[in-house]
Amino acid sequence: MTTSKQEPNDFFRRVWDVVAQIPRGKVTTYGHIARSLGVGSAARTVGWALKAAAETPLPCHRVVNRFGALSGRMHFGGPHIMEDLLRSEGVAFTDDGCVDLGAHLWVPGEAERT
DNA sequence: ATGTTGACATTGA
DNA sequence: TTCAATGCCAACA
């Protein structure tokens, strides 16, 4: 008790849980994560969770916006960090500098299919 | 304490 | 078809 409730609410934890399940070389989008959580519209909050996840061991660099653009690359401590990380994992980029979702888009739940 | 912003997405007109 | 408004949750001013 006491007070301490420093840990974030379940929402953040759920987002982190999904992000932690993203396989290497794959990427997912905020909307798919939000949908997997059951909210579907809280994509913005998912972004917040990722920002918090920036200080966690979660592969937040595998999460991009719906266009496959590395929206949060600026929060990694370096604008090229995210891109370099994804490339290092075997992710392909388009001429637009976005991730090839058509080749690396991973959806939560599809992998849980026992 | 309240209001606004923010790593977005979806729906409505 | 394209443009605008709304929804969600948390942190910051």
Side-chain angles (χ1 to χ4, degrees):
Chain A
M1 50 167 331
T2 75
T3 83
S4 328
K5 217 187 178 186
Q6 301 180 341
E7 292 182 16
N9 289 347
D10 289 328
F11 214 92
F12 273 49
R13 274 180 148 178
R14 277 180 201 156
V15 174
W16 297 344
D17 185 42
V18 175
V19 175
Q21 288 165 61
I22 303 174
R24 173 172 120 13
K26 291 273 173 114
V27 292
T28 190
T29 72
Y30 304 94
H32 283 173
I33 293 174
R35 265 190 184 209
S36 185
L37 299 180
V39 266
S41 318
R44 288 179 106 169
T45 318
V46 173
W48 260 103
L50 289 180
K51 182 171 62 99
E55 304 246 333
T56 77
L58 293 175
C60 34
H61 57 265
R62 288 179 191 152
V63 185
V64 296
N65 66 356
R66 174 170 121 57
F67 298 99
L70 287 45
S71 316
R73 65 174 151 188
M74 51 198 294
H75 295 279
F76 278 79
H80 61 315
I81 303 295
M82 197 171 181
E83 182 186 321
D84 192 35
L85 246 55
L86 290 170
R87 282 193 173 182
S88 185
E89 297 199 345
V91 176
F93 281 78
T94 68
D95 279 346
D96 297 325
C98 303
V99 179
D100 191 345
L101 296 177
H104 298 288
L105 175 60
W106 177 83
V107 179
E110 292 255 316
E112 286 225 347
R113 203 158 36 85
T114 27

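Just so we're on the same page: letters track the sequence lines, and every chain starts at 1. The shown structure was predicted, so the numbers you read here are calculated from the model rather than taken from an experiment.
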Shortest side-chain distance from A:Ala43, nucleotide among B:dA7, B:dA9, C:dC8: B:dA9
N/O donor-acceptor pair, side chain A:Tyr30 with base B:dA9, under 3.5 angstrom: no
Sugar-phosphate only, base, or nothing, as touched by A:Ser71 at under 4.0 Å among non-hydrogen atoms: sugar-phosphate
Joint hydrophobic cluster, A:Val27 plus A:Phe76, side-chain heavy atoms closer than 4.5 Å: yes
Nearest heavy-atom neighbours spanning A:Trp16 and A:Ala49: NE1-O, 2.9 Å
Watson-Crick or G-U wobble partner of B:dA7, both distances under 3.5 Å: none
Minimum heavy-atom distance between A:Pro59 and A:Ala20, given as atom pair plus value: CD-CA, 4.3 Å
Per A:Arg44 side chain, nearest of listed nucleotides B:dT10, C:dC9, B:dG6: B:dG6
same_hphob_cluster(A:Val39, A:Phe12) at 4.5 Å side-chain heavy-atom cutoff: yes
Closest listed nucleotide, where the reference is the side chain of A:Lys51 and the choices are B:dG6, B:dA7, B:dT10: B:dA7
Sugar-phosphate only, base, or nothing, as touched by A:Ala54 at under 4.0 Å among non-hydrogen atoms: base
Interatomic distance where CD1 belongs to A:Ile81 and P belongs to B:dA7 [whole Å]: 18 Å
Euclidean distance for C1', C:dT1 against B:dC8 (whole angstrom): 23 Å
Residue A:Thr29, side-chain heavy atoms: nucleotide from B:dA7, B:dA9, C:dC9 that is nearest: B:dA9
Spacing between A:Asp10 atom CG and C:dC9 atom C1', to the nearest angstrom: 13 Å
Euclidean distance, atom CG of residue A:Leu50 to atom P of C:dA11 [Å, nearest integer]: 14 Å
Reference residue A:Trp106; test side chain to side chain contact (heavy atoms under 4.5 Å, CB included); the match among A:His32, A:Arg62, A:Gln21: A:Gln21
Distance in angstrom units between A:Trp16 CH2 and C:dC9 C1', rounded: 13 Å
Euclidean distance, atom CZ of residue A:Phe12 to atom C1' of B:dA7 [Å, nearest integer]: 12 Å
Rounded C1' spacing from C:dC3 to B:dA7 in Å: 24 Å
Who pairs with B:dA1 - Watson-Crick or G-U, where each distance is under 3.5 Å: none
Rounded distance in Å between the P positions of C:dT6 and B:dT4: 14 Å
Exercise: identify the closest heavy-atom pair between A:Val64 and A:Ala69: CB-O, 3.6 Å
Sugar-phosphate, base or nothing in reach of A:Phe76, heavy atoms under 4.0 Å: base
Nucleotide C:dC9, atom P - distance to CZ of A:Arg14 in whole Å: 11 Å
5'-most by nearest nucleotide on DNA chain B - A:Asn65 or A:Trp48: A:Trp48
Atom pair distance, as rounded to whole Å: CG in A:Leu105 and P in B:dA9: 11 Å
Rounded distance in Å - CZ (A:Arg13) to P (C:dC9): 18 Å
